[in-house]
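Some notes on the structure that comes next.
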Amino acid sequence: MAHTESPEPITDTLRSAIAAALVGFELDGAPAASEQVHLERPANVDHGDLSTNVALALAKRNGRNPRELALELAEALRSAGIAHVETVEVAGPGFVNFHLAPSWLHTVLRTVVLAGGDYGRSNVGAGRRVLVEFVSANPTGPVHAGHARGAAYGDALARLLEFSGHAVGREFYINDRGVQMQTFAASLTARAEGREPPEGGYHGAYITDWAASMPRDEDPLEWGYAHALGEQRRVLGALNVEFDHWFSEREMVDTGAIDVTLADLRARGVVDERDGAVWLRSTEFGDDKDRVLVKSDGEYTYLLPDIAYHRDKFARGWELLVDVWGADHHGYVPRMKAAVEALGHDPGDLEVVITQLVRLERDGVEVKISKRSGDLVTLEELIEEVGPDAVRLTYLLQSVDSPQTVDLDLVVSQSNENPVFYVQMANARLNSINRVAAERGLERVALDAADLSLLDHDRELAVLRSLEVLPETVELAARERAPHKITTWVRELAGAVHGFYHDCPILSPDTPEDLRNARWWLAEAARTGLRVGLDILGVSAPESM
RNA sequence: GCCCCCGUAGCUCAGCUGGACAGAGCGUGGGACUUCUAAUCCCGUGGUCGCAGGUUCGAAUCCUGCCGGGGGCGCCA
């Protein structure tokens, strides 16, 4: 059994076999390609390892009894003699269930080990150039616990898309123009002079701290800007988030990009002048009202530079723009999409992911995140207390569609309520096997020399089942822009690993050598799976804890 | 008033293009370490999937309407 090429996934084999079998039935609406055959993994083990509902789906429109059709299909599949398939049964209203021999999972093990860190990598993105813009916090203060959700999400999404064959860029848009900069500077100045910040200014304690370290001869706006930006870059870096490009709004003024954009819109005939202002007729592109681009006092609104920025992104060759915005900006989506379309692009080439708000609690009491009031939980504080891995994983536990409640006491407590330790522990245990083996002078035989057929323990198979599902999980997570699905998968794999570790000793003298080798390779495959999953999330896993 | 997100176990949340008795962690009750890390594992506890209709052979999942929570609807950013 010395073959080093990766075998075809069983799901592909089965889909092809089903599609082929269906050809003989001459059914209306039958899947034209094997990819269209619906396969699922029954929750109930009695229903087999894989199952298809094609008989149910096709019965009605063909005037057939679903169970009969299923029975005939099952018979055809039985006589086809598919590798690893032990039994083909019909159950319920017309499901065709496949019970597979453990050998199918042994091929999974081989596939994982051979692929290593590339297990689950795909080219579904076909090299599409995708620019992910995220965080983009104003340069008027530190990155706080609310921004961190977008930071963890955006970076994980970028990694996920890269792993799925996209050419990805990460960008941070700096709103370094506008009234908030003036307000920020005025607040710094006030604190530096021992006064209260002005009405509507920034009252956070950090303003006082920053003002204290601001040299007298510095321009507060420029110094504050540089300081805020430096802090943001530093803290995001500590979270393992690095941007390819920090894009300055100011630079667009300097380069004339904003005026060029306005001229472009004018040339496209989508701009009006009314009441002394310049308007984008965004209602023609699905917005619910037209939007002002240049105010009657001659100043740009925030919208125009944003449009210029998106125009620039496309001009730089990005094919798909993914913007990650907080829920408080969701009302802005239609006008941005309208603007993109007004510029002659497909509005579908701008995707805006809205991350719902993070609610922070301490002792069950909400902690407000407000830069202006000053009750601020900074990202830096969180990282200092638990480290970047726990912070990232915490934010990546759930869908960004859901409002998230983060209990700071739990995150900070390093208790086993924090899943990061559960996952890292699984990794540490696997690594300890290698470490202890090395101490004892034990060596593992080559993969092709290992008898993987010895792996038939439920715990062993559970690990392999989990690994088997990674490639499709990655594909789904990428398609849905949902990195939290990787988190869920990693937690499941870690659970399987702990069970395996507990019940299937590898280095014990009671474990026969053949079994030891097979399990050892299983541990290796599991280690690989954890590494791949955690890499996508940007979470590291120490070899020991 | 209009728009977006959410409403699943005591708590925090998963649940793929609708599938076969609804899952995890925490909490709670009880067990398991002379053996590769017990930050682990096992057993038990716990749910009218907000409510009401509809589509379907089949709905937590899709559609409609309510109810509840959050966030938006500026010549602010």
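Chain identifiers are assigned alphabetically (A, B, ...) following the order of the sequence lines, protein sequences preceding nucleic acid strands; residue numbering begins at 1 within each chain.
Across B/C5 and B/U61, the matching P atoms stand 16 Å from one another, rounded to whole Å. When the P atom is compared between B/G23 and B/C4, the two are found 33 Å apart, to the nearest whole Å. Spacing of P atoms, B/A9 relative to B/G50, comes out at 8 Å, to the nearest Å. On the P atoms, B/G15 is 16 Å away from B/A20, given to the nearest whole Å. Here, B/G27 and B/G69 have their P atoms 31 Å apart, quoted to the whole Å. B/U12 and B/A52 have their P atoms separated by 23 Å, given to the nearest Å. Nucleotides B/C51 and B/A32 place their C1' atoms 45 Å apart, quoted to the nearest Å.
For A/R527, the salt bridge (charged side-chain N to carboxylate O under 4.0 Å, His left out) criterion is met by A/E524, not counting sequence neighbours. By the side-chain contact (heavy atoms from CB on, under 4.5 Å) test, A/R429 pairs with A/M425, A/H498, A/Y501, sequence neighbours left out. A/R481 is linked by a side-chain contact (heavy atoms from CB on, under 4.5 Å) to A/Y153, A/L157, A/L161, A/L320, A/E351, counting only residues two or more places apart in sequence or in another chain. With sequence neighbours left out, the side-chain contact (heavy atoms from CB on, under 4.5 Å) criterion links A/K295 to A/V292, A/D297, A/E299, A/T301. Residues that satisfy the side-chain contact (heavy atoms from CB on, under 4.5 Å) test with A/D28, not counting sequence neighbours, are A/R61, A/N62.
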Contact list (N/O, under 3.5 angstrom) for nucleotides 21-23 of chain B vs protein:
{"from": "B/C21", "atom 1": "N4", "to": "A/N44", "atom 2": "OD1", "distance (Å)": "3.3"}
{"from": "B/C21", "atom 1": "N4", "to": "A/N44", "atom 2": "ND2", "distance (Å)": "2.0"}

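Within the structure, every pair that satisfies the side-chain hydrogen bond (donor to acceptor under 3.5 Å, both in side chains) test and touches residues 50-59 of chain A, not counting sequence neighbours, is listed here: A/S51-A/N97.
Of the two residues contacting RNA chain B, namely A/D297 and A/K60, the nearest-nucleotide position lying further toward the 5' end is that of A/K60. A residue-by-residue look at A/R435 and A/H38 shows that A/H38 has its nearest nucleotide of RNA chain B further toward the 5' end.
Computed from coordinates, the A/L39 CG to B/A20 C1' distance equals 16 Å when rounded to whole Å. Taking atom CD1 of A/I354 as the reference point, atom P of B/G72 lies 12 Å away to the nearest angstrom. Distance, A/R291 CZ to B/A77 P: 13 Å, rounded to whole Å. A/Q182 has its CD atom 15 Å from the P atom of B/C76, to the nearest Å. Atom C1' of nucleotide B/U37 and atom CD1 of A/I506 are separated by 14 Å, given to the nearest angstrom. The distance between atom CG of A/D401 and atom C1' of B/G7, rounded to the nearest whole Å, is 14 Å. The CG atom of A/D288 sits 8 Å away from the C1' atom of B/C2 (whole-angstrom rounding). Atom CG in A/L507 sits roughly 9 Å away from atom P in B/C36 (whole-Å rounding).
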Show me the side-chain donor-acceptor pairs of residues 389-397 of chain A shorter than 3.5 Å, one per line, residues at least two apart or across chains.
{"from": "A/D389", "atom 1": "OD1", "to": "A/S540", "atom 2": "N", "distance (Å)": "2.8"}
{"from": "A/D389", "atom 1": "OD1", "to": "A/S540", "atom 2": "OG", "distance (Å)": "3.2"}
{"from": "A/D389", "atom 1": "OD2", "to": "A/S540", "atom 2": "OG", "distance (Å)": "2.6"}
{"from": "A/R392", "atom 1": "NE", "to": "A/L537", "atom 2": "O", "distance (Å)": "3.1"}
{"from": "A/R392", "atom 1": "NE", "to": "A/G538", "atom 2": "O", "distance (Å)": "3.3"}
{"from": "A/R392", "atom 1": "NH1", "to": "A/D155", "atom 2": "OD2", "distance (Å)": "3.1"}
{"from": "A/R392", "atom 1": "NH1", "to": "A/L239", "atom 2": "O", "distance (Å)": "3.0"}
{"from": "A/R392", "atom 1": "NH1", "to": "A/N240", "atom 2": "O", "distance (Å)": "3.2"}
{"from": "A/R392", "atom 1": "NH2", "to": "A/D155", "atom 2": "OD2", "distance (Å)": "2.7"}
{"from": "A/R392", "atom 1": "NH2", "to": "A/L537", "atom 2": "O", "distance (Å)": "3.0"}
{"from": "A/T394", "atom 1": "OG1", "to": "A/A390", "atom 2": "O", "distance (Å)": "2.6"}
{"from": "A/Y395", "atom 1": "OH", "to": "A/A145", "atom 2": "O", "distance (Å)": "2.5"}

Listed pairs under 3.5 Å, donor-acceptor, residues 436-443 of chain A side chains, sequence neighbours left out:
{"from": "A/R440", "atom 1": "NH1", "to": "A/L507", "atom 2": "O", "distance (Å)": "3.2"}

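B/C57 shows a glycosidic angle more than 90° from 0 and is accordingly assigned anti.
Of the candidate nucleotides B/G19, B/U37, B/C36, B/G19 has the atom lying nearest to any side-chain atom of A/P93. You'll find that the side chain of A/H329 is closest to B/A77, out of B/C75, B/A77, B/C36. Minimum atom distance to the side chain of A/Q180 is reached by B/A77, of the listed B/A77, B/C57, B/C75.
Residue-to-nucleotide contacts include no donor-acceptor pair under 3.5 Å from the side chain of A/H330 to the base of B/G72. The base of B/A20 lies close enough to the side chain of A/S51 for a donor and an acceptor atom to sit less than 3.5 Å apart. For A/N53 against B/G19, a side-chain-to-base donor-acceptor contact under 3.5 Å is present.
Here A/K295 does not reach the OP1 or OP2 of B/G74: none of its side-chain N or O atoms lies under 4.0 Å away. Taking only side-chain nitrogens and oxygens, A/K289 comes nearer than 4.0 Å to OP1 or OP2 of B/G74.
Using a 4.0 Å heavy-atom distance criterion, A/R440 is classed as a sugar-phosphate-only contact. Across all strands, A/N434 comes closer than 4.0 Å to no nucleic acid atom at all (heavy-atom distances). In this structure, A/Y332 reaches neither bases nor backbone, as no heavy-atom distance under 4.0 Å exists between it and the strands shown. A/L56 comes within 4.0 angstrom of a base, heavy atoms only. When heavy atoms are screened at a 4.0 angstrom cut-off, A/A428 is found touching base atoms of the nucleic acid.
Counting only N and O atoms by type, the side chains of A/Y300 and A/D306 include no donor and acceptor under 3.5 Å apart. Side-chain atoms of A/Y309 and A/E171 include a donor-acceptor pair closer than 3.5 Å. With hydrogens and angles left out, the side-chain atoms of A/Q404 and A/R359 include no donor and acceptor closer than 3.5 Å.
Counting only distance, with no hydrogens or angles, the side chain of A/R291 and the backbone of A/R335 share no donor-acceptor pair below 3.5 Å. Distance alone, capped at 3.5 Å, places no donor-acceptor pair between the A/D49 side chain and the A/H99 backbone.
Taking 4.5 Å as the limit, some side-chain heavy atom of A/F500 sits within range of a side-chain heavy atom of A/I506. Looking at A/M181 and A/P139, their side chains come closer than 4.5 Å, going by heavy atoms from C-beta outward.
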Q: Using a 3.5 Å limit on both pairing distances, list the dot-bracket string of RNA chain B from the 5' end; Watson-Crick and G-U wobble pairs count, crossing pairs take [ ], interstrand pairs take |.
A: (((((((..((((.....[...))))((((((.......))))))....(((((..]....))))))))))))....

Q.
I need a per-nucleotide contact map over nucleotides 9-16 of chain B, read 5' to 3'. Cutoff is protein heavy atoms under 4.0 Å; write B for the base, S for backbone only, - otherwise.
A. ---SSSSS

Q: Heavy atoms under 4.0 Å is the rule here; annotate nucleotides 41-49 of chain B 5' to 3' with B where the base is hit, S where only the sugar-phosphate is, and - elsewhere.
A: SS-------

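Closest approach of A/D287 and A/P334 over heavy atoms only: OD1-CB, 3.9 Å.
Classification of the A/Y332-A/H329 ring pair by plane angle, with boundaries at 30° and 60°, yields perpendicular.
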